[in-house]
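Below: the structure, in C-alpha cells.
As the structure is a prediction and not an experimental result, all values here were calculated from the model. Hydrogens, waters and symmetry mates are skipped; everything else that's a heavy atom, side chains included, is used. Counting convention: from 1, in listed order, for ligands and their atoms alike.
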Amino acid sequence: MRTTAVIIGAGQAGLAMSWCLAARSIDHVVLERGEVANTWRTERWPSLTLLTPNWQSRLPGFGYQGKDPDGFRTLPETIAFLERYAQLVSPPLRTNCRVTSVRRTGDGYEVGTEEGHWHCKAVVLATGGFNIAQLPKLSQEVPPSVAQLTTVQYRNPQSLQRGGVLVVGAAATGAQLADEIERSGRPVTLAVGEHVRAIRTYRGKDLQWWMNATGLNDERYDEVENLTRARSLPSFQLAGYPDRRNIDLNALTSLGAKLVGRLAGIRDGKAQFSGSLPNMCELADLKLNRLLKRIDEWAAENGVSGAVDPPHRPEPTRVEASPPLGLDFDRAGIRTIVWATGFRPDYSWLHVPVLDRKGNIRHDGGVVTQAPGLYLLGLTFLRRRKSSLIDGVGDDARDLSAHLAAYLRENRIGRAPGLA
Ligand SMILES: Cc1cc2nc3c(=O)[nH]c(=O)nc-3n(C[C@H](O)[C@H](O)[C@H](O)COP(=O)(O)OP(=O)(O)OC[C@H]3O[C@@H](n4cnc5c(N)ncnc54)[C@H](O)[C@@H]3O)c2cc1C
C-alpha cells in the first residue's frame, strides 16, 4: 500500500496533524492501534479530570463551544471531545491497526502493521510521550507484603488494599492521587522530590489563563535557556476539580497526608528517604513566587492590574524541619505503593537509528534531522511550553505540516528544506 505520509496515532496530535495535512492536500493515512483517544480510554484512571480549563482545548478547526469555558472535562467528556474532533477531521483512519515497525527505504519509509506494509515519503510519530510508566529500579526491593502499581494500573482507592499508601512522586498525577486516596480514608505518605508548586487561581483568574495571557505557554523551544531541563521538569501540581481547590503540599497535609523526601532506597523492608525535603519545598515556593511576580509585572505593564484582584503570595509550604528519613513498611502499615514517577515514550518498533542513549529521539523541534521526512508530535516542550497540552499541539502541527510540505516539494529536486 502506498501513500505520501503516514501518521501513527489518533490522539489529539495525530488528528491535528491529519487536519493540517488535509488542508495542504497531502495524501495520508492515520494508523491507530486502538480507537480514537485510545490513551484516554485505556491508560487513565476513571476519576481523572483535565487540569486545563475547557476553553484551553483549541485544536485546528475546533474548540470549546459549551457554556462552561472555565470548567474542567471529566474523562468521558474528554473522550467525547476527541471523538467529535475526529468526526470533524474525518481522517483516512485505520483503527485497531498497530504499527509494528518503521524502517527507512531508498526513497522514504516502510511502515509495518499487522495488516500489511505502507510505503510513504514521510512519517509523523504521534504516538504520545507518556506510553510507559517509569518504575525505578528500587521497586524490585519492595517486600512482597506491599502491593505495587503504576498510575496506568491505578483505577480508584477502593481497589487498593485497606491500610496506608505510599505515593511516590508529587507532580500533577502523584498529587491528584494522593488527594483522592487520602480522602478515601487510606492514610497517604507522599514521597516528594523536585516538584513544581502551583495554585489553581491567582488574582481571581485561573493560572492557565495567566500562562496563556502572559505568553508563557507560547514560549518556544529555541528561546528557553536550558531546553533539556525544561523538557524534563515535573508537571504543575494542579487538578481540575469543580471546587477549584489546590493540590499543593499544604493542601495535602491539611487533609492529613504525611510528607517525606525523595525515595532514595529500600532495604530489609524499610524505605529510606532523602533529607532534601525542606530544600525542595523552599525551592518550589521560590519558583512559584517568581512566576507570580512575572504575572504581576505583566499585569501592570498591560493595564490589567485594575481589572483583577490585588497580588498576594501563598503561605510557604509547611514542612517538618527534620522529616523522617526512614519508614518500616510493616510498622507504618503501608500496604500499597503507587509509583507516580513519570512516563516515557515507547519506540520499540522504530528501526531508524535516531535514538539517543536514553532512548529518546534526537530532533529539532519535532523535525528528525537525521532521518529526513520523519517527524515527532505531542512531546513535552517539543516546540513550545504548551506542546504536550491539547491546546498546544495545534500550533506544532501547523509548523511541522508546513515543514513536511516543503520537504516533499524540495525532495523532488533533492534539497533538504530549512525550518520555517
Ligand atoms: C495523566 C495525564 C493527564 C493529563 N492531563 C492533561 C490535561 O488536563 N490537559 C492537557 O491539555 N493535557 C493533559 N495531558 C497531556 C496530553 O494532553 C495527553 O498525554 C494526551 O494524551 C497526548 O495526546 P497525544 O495525541 O500526543 O498522545 P496520545 O493521546 O497518547 O495518543 C497517541 C496514540 O497513538 C497510539 N499508538 C501508540 N503506539 C502505536 C502504535 N505502535 N501503532 C498504532 N498506534 C499507536 C495510541 O493508541 C494513542 O491513541 C495529560 C497527560 C497525562 C499522562
Go through ligand 1 atom by atom and flag the ones less than 4.0 Å from a non-hydrogen atom of [X].
X: Leu31; answer: 43 (C), 44 (N)
X: Thr173; answer: 1 (C)
X: Leu50; answer: 7 (C), 8 (O)
X: Thr52; answer: 7 (C), 8 (O), 9 (N), 10 (C), 11 (O)
X: Gly9; answer: 33 (C), 34 (O), 35 (C)
X: Ala126; answer: 32 (C), 33 (C), 34 (O)

[X] to ligand 1: N or O pair under 3.5 Å?
X: Asn131; value: no
X: Asn38; value: yes
X: Arg98; value: no
X: Gly129; value: no
X: Leu389; value: no

Seminar exercise, completed: Checking heavy-atom distances from atom 25 (O) of ligand 1 to each of Ala16, Gly14, Ala13, the winner is Ala13

For this session: Identify which of Phe130, Trp349, Trp40 has a heavy atom lying nearest to atom 50 (C) of ligand 1.
Result: Trp40

Of the protein's non-hydrogen atoms, which lies at the shortest distance from [atom], and what is that distance?
atom: atom 16 (C) of ligand 1; value: Ser388 O, 3.1 Å
atom: atom 27 (O) of ligand 1; value: Gly128 CA, 3.4 Å
atom: atom 8 (O) of ligand 1; value: Leu51 N, 2.6 Å

Exercise. Where's the contact between Arg44 and ligand 1, heavy-atom distance under 4.0 Å: side chain, backbone, both or neither?
Worked result: side chain

Exercise. Side chain or backbone of Cys97 under 4.0 Å from ligand 1, or both, or neither, by non-hydrogen atoms?
Worked result: backbone

Exercise. Heavy-atom count around Glu282 CD within 6.0 Å, excluding the residue itself: above 12?
Worked result: no

For this session: Before giving the answer on side chain to side chain donor-acceptor pair (under 3.5 Å), spell out for Asn96 and Glu32 the whole-Å C-alpha distance, their side-chain angles and the decisive distance to 0.1 Å.
Result: CA-CA 6 Å; Asn96 299 307; Glu32 165 56 55; over 6 Å; no

Taking atom types as modelled and ignoring hydrogens, do the side chains of [X] and [Y] form a donor-acceptor contact shorter than 3.5 angstrom?
X: Arg73; Y: Ser57; value: yes
X: Arg33; Y: Thr127; value: no
X: Tyr221; Y: Asp364; value: yes

Exercise. Are side-chain heavy atoms of Leu263 and Leu138 found at a separation under 4.5 Å?
Worked result: yes

Problem set entry | Sidechain N-carboxylate O distance under 4.0 Å for Arg244, Asp70 | no

